[in-house]
*Asks:* 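Sharing a structure below in C-alpha cells format, with a few things to ask.
Letters A, B, ... are given to chains in the order of the sequence lines, protein chains preceding strands, and every chain is numbered from 1. Computed from a predicted structure; not experimentally measured.
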Amino acid sequence: MGSLVPFQDLNLCPEPPLPATVNISTSATPSATINRTTTFNFLTPKIEPKQEPFDEPTPTQTIHQQENFLFSVSNSTPDFIPNPETTPPANASSSADDQNALYSEYFRISELFRSAFAKRIQKYGDVEVLDPDSRAIVPVPEQSQLTPETSPTDGSNLERALSVVVSRKKAGRSNELVRVTNLGIDDQRHFRDLVRRTRMMYDSLRVLVISEEEKRTGPGNGRRARGDLRAAAVMRDRELWLNRDKRIVGAIPGIEIGDVFFFRMELCVVGLHGQIQAGIDTLPASQSSSGEPIATSIIISGGYEDDEDSGDSIIYTGQGGQDKFGKQCMHQKLEGGNLALERSMHYGIEVRVIRGFKYENRVSGKVYVYDGLYKILDCWFDVGKSGFGVYKFRLSRIEGQPEMGSSIMKFAESLRTKPLSTRPMGYLTLDISMKKERVPIFLYNDIDNDHDPMYYDYLVNTVFPLNVFGQGSNSTGCDCVSGCTEGCFCAMKNGGDFAYDYGGILLRGKPVIFECGNFCQCPPSCRNRVAQHGLRNRLEIFRSRETGWGVRSLDLIQAGAFICEYAGVVLTRDQAEVFKMNGDTLIYPNRFSERWAEWGDLSRIFPEYVCPSYPSIPPLDFAMDVSRMRNAACYISHSSSPNVLVQCVLYDHNNLMFPHLMLFAMENIPPMRELSIDYGVADEWTGKLSICN
DNA sequence: GGAATGTCAGCAGA
DNA sequence: CTCTGCTGACATTC
C-alpha cells in the first residue's frame, strides 16, 4: 500500500497557529537555573477537526492520479519497474519507454502536488509559536540507582554504572517538528557549553569503557569493546542525549558548522542526526500529523556509487536497494527516507548535511563534519551505475552560511603539503621554531605589517631554576623495562590509574600528572609519556583582526590530545618582583582557570564522583617571563568558553612547586579553528592580553 | 606495507 | 516482534 494518505485526508492546518510567548527554562542543572526565552517555529502542521478542501486542482482528478502513482511506486512489485529476476537490468530497452512514460507521469503528478501545496508551504517558514511545555534540552535525570558509598573507580560499581538496564523503558524521540530561531548571544553560549559538556561526557565514557575493557583483558588482547556504542547507551539510559524532545529542523543550537565528530553515535547523542546507520533521518510518517515523513538531516559518506558531491551542490542517492555488501542489487522505492526527502523538498524544509570521510591516519572509521543547511531542489528517478533504479535528489547549500568544514579541512590538507602554492602571500616564516620542534610552526600575516613574533627566541620547553631539580632525593622512578603496566610504581604515583589511554589521550584531569621520566626504566614509547614528547600537530600563528595574534592547527586535534607546553622562563616570587619593576610582562600560572577539573567529569553518571584531589600540589607560586623567549602557546587567545585546557605535568623533575603547564584539547578542534585558553581573572597581568597588545 | 575487502558484533528506529 | 541501515574494529587479502 502506498505511504501517502489521499490528499483530502492530509491533516494540514489551514491557518498558522497563533503566536504566543512563554519563558522556556533551558538550564541544564536545577542548581543553576537561568530562564531563557527561546523561540521555536513549529513546523508540524496541527491537526484541525475540520479540514477545508483544497481549491485546486480539483480533488477528484488529483486523488485519482495520486493513487495510481502511489500504487505504482510504493508497491513491492511496482508495475513500471522491470523485475530484475526476469528482465536484464541494464540496457533494458524494451522497458525504457515505459520508464520514460512513468517518469513523465511522476513529474506531472509532482507538479500537481507542488501547486496544490504551494500556498500552505509558504506559511511554514515564518510561523512563530511557543509551547509552554517545550524544552530544548532534556531535563536532568533522577539520581541514578547507584549506591553512593562506593567509589566510582571500584570495579564492580563501575561495571554496574556502565551497564545499561535491559528492561528500561525506552524514551522515544519526539514527534514535534520545530525550528529554533532567535537565539541571543547568551543562548548561543549556553547551548554551545551544553553541547561541549555533553560531548566531553560522551568521550570520557567512551575511553573509560575501552580502558576498563583493556584492564580486564590486557592491551591488544581480544576485540576492543565498542566504547562508542556503550557510552551512548549509558547516556541514553540516563536521558542525557540532547534534543530528544524536539525534532529540530535546521541548525541545532550549540553545534557550529565545521564541528567534527568521530562516531555516528555521537551525532545521535547531540541530536544532529538520529540514525546510527541510515543516512537519512526523518520524522516518520506514523508520527507526522500530516501523515507524511519529513527528512531533517542526511549523511553523505560515499556509501552510494551514484552520489555526486561537489560541495555546494550535491546529487544524493536515496536509500535502499543494496545488498549487505553495499552493492545496488534492486530498485529503490519511494518510501521511508526517500519519500521523506521528497516531502521535505515539497515543503521547502531544509536539511542538515553531514559529510563522513576517511581522514588521515584513522585506520578504520571516519570523521563526520557538519557542513550546514541545504535546500532540496529536485528529485527524480534514475537508472544508477549498476543498472538499478535509484532516487536522486539535487541539493544546494543555502547561502550566507560559514564556510564548509569539509572544504576547510581539504584546504588545511593542501596547506600542510604545499603551503606556498596554496597561499603564496602572507607567510613570514614556515617554521618559527627553527626546527626546534618536531613539526614546523607557520607564521602567517595577511592583514598588516606586524612581524612581532619573529623577534623572540623560540623556547620549546619551560626553563626552570636550577635548584628545582634538587639533589636527587626525589629522583624515583619505575622499573618497567618494557613499558609501564597497571599498578606499577608510576601508576601509583598518579593515584593508581594512568592519566592517558594507550593513544595518548588525557582520560581525566588531575591537579598534577606524573609522567615517567629520566629516573624510570621504561622506554620512550611508554604510555605514561605523552606531553614530554612535545608538539605533534602542525600549528600556525596567525594575525587576526579580532584577537591580535592567534594560534590554529592545520591538523584535526582530537579531544583530550596533547597540544603543546605553555613555555616560559620560570621566576620565583622574589625574582618576579624585580622583573615586574622593570616593566616586563609576566604570566602568573595560578590565574589559569582550573579547566582540567571539567575534563573527565562523570558526576552525572556517578553521583559519588568527586573532582580528583590526588596527586595534590601546593598552589602555584611562580611567574613566567615570556618577554624574551616564548613558544606558540602565548599567542593563544583568551576565551571564557575555551577549547584548550591547562594541565600540570611533571616528568623531568619531581618538584611539586614547579610543574610544566601542558595544554590539551577540550574538544575535537577542526583544522583552522582558533585555539583558546581560559586565562582566568582579567586583570593587569592576564596572560596574553598584557603580552601581545 | 598500505589500501581494499571481508567478517562480525552491535543497536536504535521504524 | 522483525527488519533494515552510508558502523567500527580488526583480520585477511591483494
Side-chain angles (χ1 to χ4, degrees), chain A residues 3 76 164-166 168-175 206 209-210 213-214 217 219-237 239 241 244 247 261-269 271 273-288 291-309 314-330 332-333 335-341 351-369 371 384 390-393 502-503:
Chain A
S3 307
S76 53
V164 176
V165 185
V166 178
R168 62 176 175 246
K169 199 179 119 203
K170 291 191 180 179
R173 302 174 77 192
S174 161
N175 62 359
R206 191 180 58 78
V209 167
I210 293 170
E213 194 73 10
E214 276 177 339
T217 63
N221 297 335
R223 184 173 283 263
R224 275 169 80 188
R226 286 287 298 268
D228 57 322
L229 301 182
R230 292 277 299 281
V234 169
M235 287 178 71
R236 196 177 85 121
D237 211 33
E239 294 179 40
W241 286 22
R244 295 267 292 175
R247 297 294 185 105
F261 303 81
F262 287 103
F263 298 93
R264 286 289 295 256
M265 267 300 187
E266 202 178 356
L267 303 173
C268 297
V269 169
H273 186 84
Q275 303 285 333
I276 57 175
Q277 285 194 18
I280 306 169
D281 194 20
T282 65
L283 175 72
S286 59
Q287 292 182 38
S288 164
E292 302 167 300
I294 302 289
T296 54
S297 61
I298 61 167
I299 295 182
I300 175 163
S301 61
Y304 280 80
E305 59 191 8
D306 297 308
D307 283 350
E308 292 170 43
D309 184 3
I314 302 169
I315 293 177
Y316 187 80
T317 312
Q319 66 187 186
Q322 291 189 327
D323 60 19
K324 57 183 175 177
F325 308 112
K327 274 252 155 222
Q328 290 300 139
C329 63
M330 55 191 282
Q332 294 185 344
K333 296 168 191 164
E335 60 187 24
N338 300 345
L339 182 60
L341 276 174
V351 291
R352 296 183 289 274
V353 170
I354 299 125
R355 283 191 171 79
F357 47 91
K358 282 186 98 64
Y359 190 72
E360 295 272 291
N361 46 3
R362 272 180 72 78
V363 213
S364 60
K366 298 191 174 100
V367 297
Y368 298 94
V369 182
D371 268 344
V390 292
Y391 280 90
K392 289 190 171 177
F393 301 89
Y502 286 94

*Asks:* Roughly how far, to the nearest 0.5 Å, is the CD atom of A:Gln332 from the NZ atom of A:Lys392?
*Replies:*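 Interatomic distance, A:Lys392 NZ to A:Gln332 CD, rounded to 0.5 Å: 10.0 Å.
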
*Asks:* Just N and O in the side chain of A:Gln319: are any of them under 4.0 Å from OP1 or OP2 of C:dC6?
*Replies:*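 The answer is yes; a side-chain N or O of A:Gln319 sits under 4.0 Å from OP1 or OP2.
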
*Asks:* Specify the separation, in whole Å, of atom CD of A:Glu335 and atom C1' of C:dG5.
*Replies:*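 Result: 13 Å.
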
*Asks:* Quick check: do A:Ile299 and A:His273 have side-chain heavy atoms less than 4.5 Å from each other?
*Replies:*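 Sidechains of A:His273 and A:Ile299: in contact.
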
*Asks:* How long is the straight-line distance from CZ of A:Phe393 back to CD1 of A:Ile280, given to the nearest 0.5 Å?
*Replies:*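 Rounded to the nearest 0.5 Å, the CD1-CZ separation comes out at 6.0 Å.
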
*Asks:* Mind checking A:Ile299 for me? I need base, sugar-phosphate or nothing, with any heavy atom below 4.0 Å counting as a touch.
*Replies:*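 Answer is base: heavy atoms of A:Ile299 come under 4.0 Å of a base.
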
*Asks:* Send over the distance from A:Ile280 CD1 to C:dT4 P, rounded to a whole Å.
*Replies:*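 Distance, rounded to whole Å: 16 Å.
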
*Asks:* Starting from P on C:dG5, measure out to OH on A:Tyr304 and report it in whole angstrom.
*Replies:*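 From A:Tyr304 OH to C:dG5 P: 6 Å.
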
*Asks:* Nearest of C:dC6, B:dA12, B:dA14 to any side-chain atom of A:Ile276?
*Replies:*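 Of C:dC6, B:dA12, B:dA14, B:dA12 is nearest to the side chain of A:Ile276.
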
*Asks:* How close or far is atom C1' of C:dT7 from atom CD of A:Glu266, stated in whole angstroms?
*Replies:*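 Rounded to whole Å, this separation is 14 Å.
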
*Asks:* Compare every heavy atom of A:Leu267 with every heavy atom of A:Ile354, then report the nearest pair and how far apart it is.
*Replies:*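 Reported closest heavy-atom pair: CG2-CD1, 4.3 Å.
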
*Asks:* Identify whether any heavy atom of A:Gly279 sits under 4.0 Å from a base atom; if not, whether one sits that close to sugar-phosphate; answer base, sugar-phosphate or nothing.
*Replies:*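 Here A:Gly279 touches the backbone only, sparing every base.
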
*Asks:* Kindly say if A:Arg247 contacts the phosphate of B:dG13, meaning a side-chain N or O under 4.0 Å from OP1 or OP2.
*Replies:*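 For B:dG13, neither OP1 nor OP2 has a side-chain N or O of A:Arg247 closer than 4.0 Å.
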
*Asks:* So A:Gly337, base contact, sugar-phosphate only, or nothing? Heavy-atom distance under 4.0 Å.
*Replies:*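 Answer is nothing: A:Gly337 stays at 4.0 Å or more from every strand.
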
*Asks:* Provide the closest heavy-atom pair for A:Thr282 versus A:Ala340 in the form atom of the first, atom of the second, distance.
*Replies:*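 Result for this residue pair: CG2-CB, 3.3 Å.
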
*Asks:* Taking the minimum atom-to-atom distance to the side chain of A:Arg264, which one of B:dG13, C:dT7, B:dA14 wins?
*Replies:*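 Given the options B:dG13, C:dT7, B:dA14, the side chain of A:Arg264 is closest to C:dT7.
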
*Asks:* Could you encode protein contacts along nucleotides 3-9 of chain B as a string, one character per nucleotide from 5' to 3', using B for base contact, S for sugar-phosphate-only contact and - for no contact, with a heavy-atom cut-off of under 4.0 Å?
*Replies:* -----BB

*Asks:* For A:Met265 and C:dC6, give me the distance from atom CE to atom P, rounded to whole Å.
*Replies:*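 About 15 Å, once rounded to whole Å.
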
*Asks:* Give A:Gly302 one of three labels, base, sugar-phosphate or nothing, depending on what nucleic acid heavy atoms sit under 4.0 Å from its own.
*Replies:*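 Base contact - A:Gly302 has a heavy atom under 4.0 Å of at least one base atom.
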
*Asks:* Nearest 0.5 angstrom please: A:Asn338 CG to A:Tyr391 OH, how far?
*Replies:*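 Answer rounded to 0.5 Å: 7.5 Å.
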
*Asks:* Would you say A:Arg226 and A:Met265 make side-chain contact, with heavy atoms under 4.5 Å?
*Replies:*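 A:Arg226 vs A:Met265: side chains apart.
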
*Asks:* What is the minimum heavy-atom distance between A:Gly336 and A:Pro293, and which atoms define it?
*Replies:*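 The answer is O-CG, 4.1 Å.
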
*Asks:* So if I take every side-chain heavy atom of A:Arg173 and compare against C:dA9, C:dG5, B:dA14, which nucleotide ends up nearest?
*Replies:*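 The answer is B:dA14.
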
*Asks:* Got a second to check how far A:Tyr359's OH is from A:Phe262's CZ, nearest 0.5 Å?
*Replies:*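 Answer rounded to 0.5 Å: 9.0 Å.
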
*Asks:* Using whole Å, what does the distance between atom C1' of nucleotide C:dT7 and atom CG of A:Leu229 come to?
*Replies:*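 Atom CG in A:Leu229 sits about 8 Å away from atom C1' in C:dT7.
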
*Asks:* NA contact type, A:Asp228, heavy-atom cut-off 4.0 Å: base, sugar-phosphate, or nothing?
*Replies:*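 Here A:Asp228 touches the backbone only, sparing every base.
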
*Asks:* Is a salt bridge present between A:Arg355 and A:Asp371, judged by a nitrogen-to-oxygen distance below 4.0 Å?
*Replies:*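 Salt bridge: yes.
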
*Asks:* Determine, for A:Asp281 against A:Arg352, whether the closest basic-nitrogen to carboxylate-oxygen distance falls under 4.0 angstrom.
*Replies:*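 The answer is no: the pair does not qualify as a salt bridge.
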
*Asks:* To the nearest Å, give me how far apart CZ (A:Arg230) and P (B:dC11) are.
*Replies:*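 A:Arg230 atom CZ is separated from B:dC11 atom P by 8 Å.
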
*Asks:* Does OP1 or OP2 of B:dG13 have a side-chain N or O of A:Thr282 closer than 4.0 Å?
*Replies:*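 It does not, given that no N or O in the side chain of A:Thr282 lies less than 4.0 Å from OP1 or OP2 of B:dG13.
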
*Asks:* Between B:dA14, B:dC11, C:dG8, which nucleotide gets closest to the side-chain atoms of A:Phe263?
*Replies:*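 Nearest listed nucleotide: C:dG8.
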
*Asks:* With nearest nucleotide decided by heavy atoms, which residue, A:Ala278 or A:Tyr368, maps closer to the 5′ end of DNA chain C?
*Replies:*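 That would be A:Ala278.
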
*Asks:* Look at all strands and tell whether A:Thr317 reaches a base, only sugar-phosphate, or nothing, counting heavy atoms closer than 4.0 Å.
*Replies:*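 Contact class for A:Thr317: base.
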
*Asks:* Check whether any side-chain nitrogen or oxygen of A:Lys366 sits under 4.0 Å from OP1 or OP2 of C:dC6, and answer yes or no.
*Replies:*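 Result: no.
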
*Asks:* Taking atom C1' of C:dG5 as reference, at what distance in whole Å does atom CD1 of A:Ile298 sit?
*Replies:*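 Interatomic distance, CD1 of A:Ile298 to C1' of C:dG5: 15 Å.
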
*Asks:* Treating a pair as Watson-Crick (purine N1 to pyrimidine N3 plus N6-O4 or O6-N4) or G-U wobble (N1-O2 and O6-N3) with both distances under 3.5 Å, list the stems of 3 or more consecutive pairs that involve DNA chain B.
*Replies:*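 Stems (3+ consecutive pairs) listed as B:2-9 with C:7-14, B:11-14 with C:2-5.
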
